[in-house]
Structures are given as structure tokens and as C-alpha cells.
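Before any comments, here is the structure.
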Amino acid sequence: MCIRDRDQTVLANEQVVGGLCERCDTPVTKKKLTQWYFGITQYADRLLDDLNQLEGTWPAKVLTMQRNWIGRSVGADVQFVIEGRDEPVSVYTTRPDTLYGATFMVVAPDSDLAAELAATAPEQTQQEFATYLDRVKAITEIERQSTDHEKTGVFLNHWAINPVNGERLPIWAADYVLSDYGHGAIMAVPAHDQRDLDFALKFDLPVRVVVETGLPDPADSHIAATGEGRLINSGPLNGHTKTEAIDLIIRILEEKGLGRAAKNFRLRDWLISRQRYWGTPIPIIHCPQCGEVPVPDDQLPVELPPMSGDELRPRGISPLADAEDWVNVPCPQCGAAAKRDTDTMDTFVDSSWYYLRFVSPHDDTAIFDIAEAEKWAPIDQYVGGVTHAILHLLYSRFVTKVLFDMGLVTFTEPFSALLNQGMVLMDGSAMSKSRGNLVRLSDELEEFGVDAVRLTMAFAGPPEDDIDWKDVSPGGSARFLARAWRLARDVTSAPEVVWADGDHALRRATHRLLADVPQLIEAFKFNVVIARVMDLVNQVRRVIDSGAGPADPAVREATENIAIILSLFAPYTAEDMWRLLGYQPSVARAGLRKPDHALLVEESVTCVVQVNGKVRDRLEVSPQTSEAELTKLALESEQVQHILAGAEPVKVIVRAPKLVNIVAR
RNA sequence: GCCCCCAUAGCCCAACUGGCAGAGGCAGCCGACUUAAAAUCGGCCCAGUGCGGGUUCGAAUCCCGCUGGGGGCACCA
């Protein structure tokens with residue numbers, strides 16, 4: 001829970017970053033509350049496995065972050081009998097092979113089991129436990145998670161029985177075991193787990209090696225032996241490798257009904273209740289007779305009651321509780337006086353499916369129009385900040401899978417491709433609303449114009465990279481745009497000219513650009529597109545000033561295409577160029593022209609001649625020159641003869657028509 | 001502590017499946033135009049691809065090991 005004035009609400013696991021509230025950086029506190037959750041953990045396997053479908057189209061970084069966050073681990077549940085308790089206790093372990101090395105058990109201090117065991121312990125133990133529990137609750141999440149948090153704990157005066165060898169294991173409560181992961185209880189194998197070893201050393205508990213790893217005894221080295229090895233001191237497991245022993249012990253435990261293979265996830269269920277006004281009311285009515293009753297479909301959606309001003313201020317309880325007319329409703333089942341749930345849903349619930357609502361925003365009969373969704377979704381290309389890597393993007397994937405299971409969509413992943421755009425930095429620091437803008441965008445726009453500022457951002461580098469504003473030059477962009485604009489001003493030919501009469505070299509350059517632009521755009525290489533346009537602008541300038549002159553048709557052709565391509569980045573400049581060239585608005589509607597393939601055929605190419613990988617000569621040849629011909633020409637080269645100095649070529653590698661490599665000696 | 005990504009000119013960045021290291025820009029220098037300056041135009045300078053090995057006819061590109069930077073996870077049994 002975030003307690004600061006601004007938020008005062010409970011949060012989901014994903015919204016707690018390093019023990020701090022994701023929105024306002026306030027340390028979070030824990031509180032026992034009854035809240036609504038979405039069962040995202042039931043989709044954990046699919047959320048993890050389906051990431052493979054996104055390989056290559058999503059940034060590898062985001063895939064890794066989601067995999068880490070879901071955190072699947074495989075191992076076994078093992079049942080331990082507790083002396084004096086009827087029900088055995090399950091523990092989860094990824095190393096069931098080390099079961100013979102267990103020397104104690106640890107339970108989470110805030111678990112029901114710990115409370116139960118403490119309650120049946122001697123008076124002094126009860127006191128120690130109560131004190132310890134208070135202490136654990138008092139420390140913040142940050143302190144608890146700090147890297148070298150000293151191990152703490154209390155002995156509960158109870159014993160568990162190791163199911164495979166009947167040994168009595170003392171049961172401790174310690175906060176390095178979490179109540180909400182696995183079963184909130186572990187078997188401790190100090191020889192082969194660093195955390196257990198640290199605890200055992202601190203409280204003088206036995207350390208027993210059961211895997212021969214060739215490493216020094218952990219009891220002496222204080223380093224747990226987590227590597228591979230053969231099992232020892234482990235009855236039927238002796239002599240087996242770690243992997244074999246894991247399979248074997250699981251089989252033995254299953255046969256005896258003492259355990260089974262199991263897996264666990266780091267992912268927790270999604271807590272969606274929020275004590276805020278702005279959000280979607282949770283459509284549940286609490287009836288004293290019927291309990292929690294869903295609002296009937298024909299009364300959905302539940303709309304917020306009108307409230308304003310101070311009524312909306314967060315106070316740790318939902319503002320909606322004050323809207324009495326709204327809260328008090330008859331139970332849909334029995335008609336008795338009942339109350340609406342006064343919490344609203346996490347707004348991430350809404351953003352998880354907005355992309356589907358957007359295809360039919362005016363449909364008031366359904367969540368969205370299934371046919372429209374079928375037509376438009378999933379999203380081909382999604383662009384967003386990496387900040388949503390495990391919030392929005394995980395929730396949205398989850399909701400999409402739920403909608404798929406409900407038969408509302410036919411796909412299981414909402415975003416086929418993802419691009420994480422970079423940020424604009426100043427001297428290495430992010431500019432943001434909270435930190436304040438280190439460069440005033442308004443000043444930059446005032447000085448250089450919006451076209452130049454946008455062009456600067458597109459030209460600075462690949463879109464996924466951060467840009468440091470100190471490295472870029474909006475002034476340079478403005479100069480370039482003026483330079484391009486002057487071409488349009490200088491063109492003297494009419495739109496009706498015959499392009500085929502134009503300067504051949506310039507025409508070829510123009511059509512090469514036209515051929516390359518579509519794929520560059522699709523690959524998001526906007527910086528390269530702009531560089532190529534700059535190159536063409538330079539060439540046109542040269543033709544105007546010292547070549548065929550401003551009346552040449554190729555000059556017009558090149559300039560028109562420059563305007564069309566530039567309209568992607570600098571629409572105002574491009575429109576004005578278009579007008580100067582004698583057209584009506586809008587260049588944006590002109591469409592990218594198709595290259596004339598006849599102009600793309602190379603008339604001659606430079607063939608590089610290497611000797612032992614070093615360039616020694618260049619040949620101007622026709623693109624159709626055969627390998628044999630190239631070999632002959634290369635060997636005849638004076639340069640090559642000189643370098644070879646009579647040595648016999650061992651091998652000639654030809655990549656016609658661009659390269660010949662002669663291997664000598 | 002574990003995992004991932006990146007490293008090319010003074011700076012930002014290019015280089016298709018290994019095949020001529022430079023497309024473009026910034027900064028700098030020189031020149032033209034100008035009474036002068038700005039703007040403009042032309043030209044020039046600049047790295048052998050972080051370091052060390054390996055594979056290959058050939059490596060910025062592939063492999064291994066380092067260094068530096070960035071990011072993710074971090075008592076999850």
C-alpha cells in the first residue's frame with residue numbers, strides 16, 4: 001500500500017519498484033486487506049511460453065524482463081510430518097535431490113503455519129515469536145530486501161520429520177522465507193543453498209554435504225556448493241548425478257505418496273482494487289444474505305457517481321463510500337438492502353483492452369464489436385516506452401488471452417510487433433514532467449521551427465536509442481531544410497517536363513533513393529532515410545550550380561521526390577516546396593513514387609581485386625562480366641603482378657562482379 | 001551475486017545474408033561572395049572498428065576471454 005497523500009491506495013506487485021510506489025516513489029507498507037484479484041497466475045505458463053511467438057518482433061530486452069518477472073521454476077512439493085500436528089506440511093524445493101541434506105525447516109513468520117506452531121509452543125517461545133513478528137512487520141520492504149540483510153529468526157520449538165530418513169528437523173521462523181511464495185515453508189539444505197548456509201552458520205545448525213561437487217566443505221568455506229556432482233549420504237540416490245537424482249527422488253516420493261513434481265512462479269496474482277475515485281467501479285454488490293453478488297449484465301457498466309473537489313481526495317478508503325445514494329442498492333438476488341463495492345479497478349485494467357474498444361468506440365451494446373476487432377486486431381506495430389515492459393504489456397497480454405478463452409477474439413497476443421522508442425536526454429539526464437524539462441521544447445520550437453525539431457529527433461539516430469540533446473543540432477536541421485527548400489525555389493522547369501530528358505546521373509540517384517526508401521522506412525531507419533535525402537539534396541545543388549542547371553528535368557524530378565519523402569518528417573517545409581513546384585496541396589497525398597527499374601541497372605561496377613585479402617587494384621567492369629573473365633582480368637593487373645612478384649596463385653575466390661581475391665603462397 | 005545489450009573519426013551516427021570501413025550531420029580548418037559580418041556556395045581535415053586471442057581466402061560483422069558503459073532481476077527456496 002502506498003500511503004502518501006497523493007495516492008493512498010493499494011498497489012499490485014508490478015507497481016512496487018524496489019519497495020517504492022511506482023507513481024510517487026513513496027515507500028510502500030503492508031496491510032492485511034480483503035481485495036479483488038485477477039487470477040493472472042493461472043495464465044503464467046501461457047504468458048511465458050507465448051513469448052516465443054514474439055521473438056524477433058519484440059525487443060529482446062522486454063522478452064527477458066517478462067520472462068524474469070514471470071519467473072517459472074520447476075522442482076517438487078515434499079510432505080513433511082510435523083510432530084504433534086495431524087496434517088503434514090508441504091514445502092516446495094527446486095533441489096529435491098538434496099532432501100537427505102536437509103537439517104532444519106524454515107517457515108515464513110507472517111504465515112498462518114508460523115502462527116499456529118507458535119501458539120502451541122512453550123510460553124517463552126510464544127513471546128520470542130511475537131517479538132520477532134513485530135520486528136519483521138516494522139522494517140520496510142527496502143530494508144528487508146537490502147543486499148546483505150542479516151539473517152534473523154526464532155526457533156519455534158517444533159520438529160518436522162524428514163520423510164526419507166525419519167530425521168527430526170527443528171522448525172524455525174525466519175523472514176528470508178516469504179509467506180506468499182510456494183507454501184511459505186522450506187526445507188533448509190545449508191550445504192547446497194547459500195541462504196540456508198548463512199542462516200545455519202548464524203544459528204549454529206548442522207551442515208551436511210550430500211552432493212560431491214569437488215568444492216571445499218561449505219561449513220568451512222561459507223560458500224554453498226550449488227554446482228553439479230554425484231550424490232552421497234543419500235540412500236538410494238547415492239552415485240547419481242544431480243539431474244538423475246532429481247528425477248529419481250520425485251519418482252520415489254510419488255510412489256510413497258510423499259510428494260510430487262511441482263512448479264512455481266514469481267508472478268503473483270494481480271491485485272486490482274484501488275481506493276480511488278477515478279477508475280472503473282468494481283461491479284459487485286455486497287449483500288448481508290447472499291454475500292458478494294455480481295451486478296447483473298443489464299445494469300452494466302456501473303457508472304461513477306458525480307463527485308468533486310475534496311470528496312475525491314485520497315484518504316486510504318475509497319471516496320465512493322461517501323456517495324450514499326450510489327452505494328446503497330437492493331441486492332440483485334434477494335432484494336434486501338445491500339451495498340456496492342466502493343473500490344475502483346486499477347486503471348491498467350482499462351488500458352489492457354483499449355486497443356479493442358478503439359475499433360468500435362460508439363458501440364453501446366457490447367464491450368466491442370467482434371467483427372471489427374477481427375478485422376483490425378491484433379495490432380501490427382505497437383510503439384511505446386520501455387517503462388511498460390512488465391506493466392501494461394503483461395496485463396494486456398493476459399487480458400487478451402482471457403478474451404480469447406471467452407471466444408471474443410481469435411488471437412492470443414495483442415501486439416504483433418513492438419518498438420520501444422528512446423528518450424530525449426540532456427547531459428545524460430532524462431527530461432520528464434516530474435524532473436522538469438532541461439531543454440525547453442517551446443524555446444527550441446520558437447528558434448528552429450517544428451519541422452527542424454522533429455527532423456532533428458528523427459535524424460539523431462535509431463528511434464529506439466536515447467538522444468542526448470547536446471549531441472544534436474536543430475540549427476543544422478533548419479539549415480538543411482532551408483537548403484532543400486531553395487531547390488524548389490530554384491527549379492525553373494514546368495511540371496510538364498519530360499523527365500527522360502533529364503541529367504542521367506541525377507535521375508539514377510533519385511531512383512536509387514526511391515528504391516531504398518520503403519524498406520528503410522519499414523525497418524525504422526528514419527535517420528538513414530534523412531541522410532540519403534541530404535545526399536540527394538547535395539547532388540541536386542551541384543547540378544543546379546555547376547551542371548545541367550535549374551531548368552533540367554532531372555532537377556525537378558529529384559526535387560519533387562525530395563519534397564515527397566521529406567513530407568514524412570518536415571511536413572510544413574515539404575508542403576511549401578510542393579507549392580513552389582507548382583502543385584496544389586497536399587504533398588502528403590502525393591504518395592511515394594515507384595522507382596524506374598531501367599534506371600537502377602548499373603552500367604558498370606567497380607570490381608575490387610584483393611591479394612590475400614588486401615585491396616590491390618580496382619577494375620571498372622560490366623555487371624555481366626563472368627567469373628572466368630574477372631579472374632583473367634585480375635591476374636593480368638599490373639598491380640597484382642607486382643605484388644605477386646612471380647608467386648603462383650594458390651586459389652582465386654570470385655564474387656562476380658564486385659570482388660576477386662587472389663590467394664598466393 | 002546472476003542474466004542481457006552495447007562499444008566505428010573530436011562528437012552523433014552509416015556500412016544488405018562475413019566481401020573496398022564512410023552515407024549523412026555536428027564541430028573544426030581553408031577558400032569564394034561581401035566595405036564587413038551573417039547567410040550562402042565550394043573544398044579540406046579526421047578512425048582501421050574498446051583490448052587480447054580464434055575461425056576464414058577474407059571479420060566492424062561469427063566464436064572465446066577481458067575492459068568500459070547501459071539495462072534487467074535480486075533472500076522466489
* **Side chain of A/Leu659 (C-beta onward), nearest among B/rA77, B/rG19, B/rG25** => B/rG19

* Structure fact -> Taking B/rC73, B/rA23, B/rG19 as options, the one with an atom nearest any side-chain atom of A/Arg266 is B/rC73

* Pair A/Asp490 + A/Arg541: basic N to acidic O under 4.0 Å -> yes

* State, yes or no, whether a side-chain contact exists between A/Phe265 and A/Ser73 at a heavy-atom distance under 4.5 Å. => no

* Under 6.0 Å between the ring centres of A/Phe199 and A/Tyr176? -> yes

* To do: Return no unless some side-chain N or O of A/Thr64 is found under 4.0 Å from OP1 or OP2 of B/rC5.
  => no

* Asked: Which parts of residues 183-191 of chain A get close to RNA chain B, meaning a heavy atom less than 4.0 angstrom away?
  -> A/Ile186

* Asked: Should A/Lys202 and A/Glu150 count as an ion pair when the cut-off is N to O under 4.0 Å?
  -> yes

Each nucleotide N or O in nucleotides 8-14 of chain B that has a protein N or O under 3.5 Å away: list the pair and distance.
unit_1, atom_1, unit_2, atom_2, d
B/rC11, O2', A/Asp471, OD1, 3.4
B/rC12, O2', A/Ala460, O, 3.1
B/rC13, O3', A/Asn527, ND2, 3.4

* Asked: Taking only residues two or more places apart in sequence or in another chain, which ones pass side-chain hydrogen bond (donor to acceptor under 3.5 Å, both in side chains) with A/Arg72?
  -> A/Asp45, A/Asp49

Identify each donor-acceptor pair in which a side-chain atom of residues 56-63 of chain A lies under 3.5 Å from a protein atom, sequence neighbours left out, and give them as a table.
unit_1, atom_1, unit_2, atom_2, d
A/Thr57, OG1, A/Leu54, O, 3.2
A/Thr57, OG1, A/Ser416, O, 2.8
A/Trp58, NE1, A/Phe415, O, 2.8

* Structure fact -> Expected list for residues 562-570 of chain A near RNA chain B, using heavy atoms below 4.0 Å, is none

* To do: Please work out which of the three classes, parallel, tilted or perpendicular, describes the rings of A/Phe203 and A/Trp172, given edges at 30° and 60°.
  => tilted

* Structure fact -> Numerically ordered, the residues 477-489 of chain A set in heavy-atom contact under 4.0 Å with RNA chain B is A/Arg479, A/Arg483, A/Arg486

* To do: Report yes if at least one side-chain N or O of A/Asn538 is closer than 4.0 Å to OP1 or OP2 of B/rG25; otherwise report no.
  => yes

* Taking the side chain of A/Met534 as heavy atoms from C-beta outward, which of B/rC26, B/rC57, B/rG25 is closest to it? -> B/rG25

* Asked: So what does A/Gln610 touch, heavy atoms closer than 4.0 Å: a base, only the sugar-phosphate, or nothing?
  -> base

* Asked: Is B/rC62 paired to anything, Watson-Crick or G-U wobble with both distances less than 3.5 Å, and if yes, which nucleotide?
  -> B/rG54

* Asked: Ignoring hydrogens and geometry, is there a side-chain-to-backbone donor-acceptor pair from A/Asp193 to A/Asp196 under 3.5 Å?
  -> yes

* Asked: Got a donor-acceptor pair under 3.5 Å from the side chain of A/Arg532 to the base of B/rG24?
  -> no

* Structure fact -> B/rC73 -> Watson-Crick or G-U wobble partner, both distances under 3.5 Å, gives B/rG1

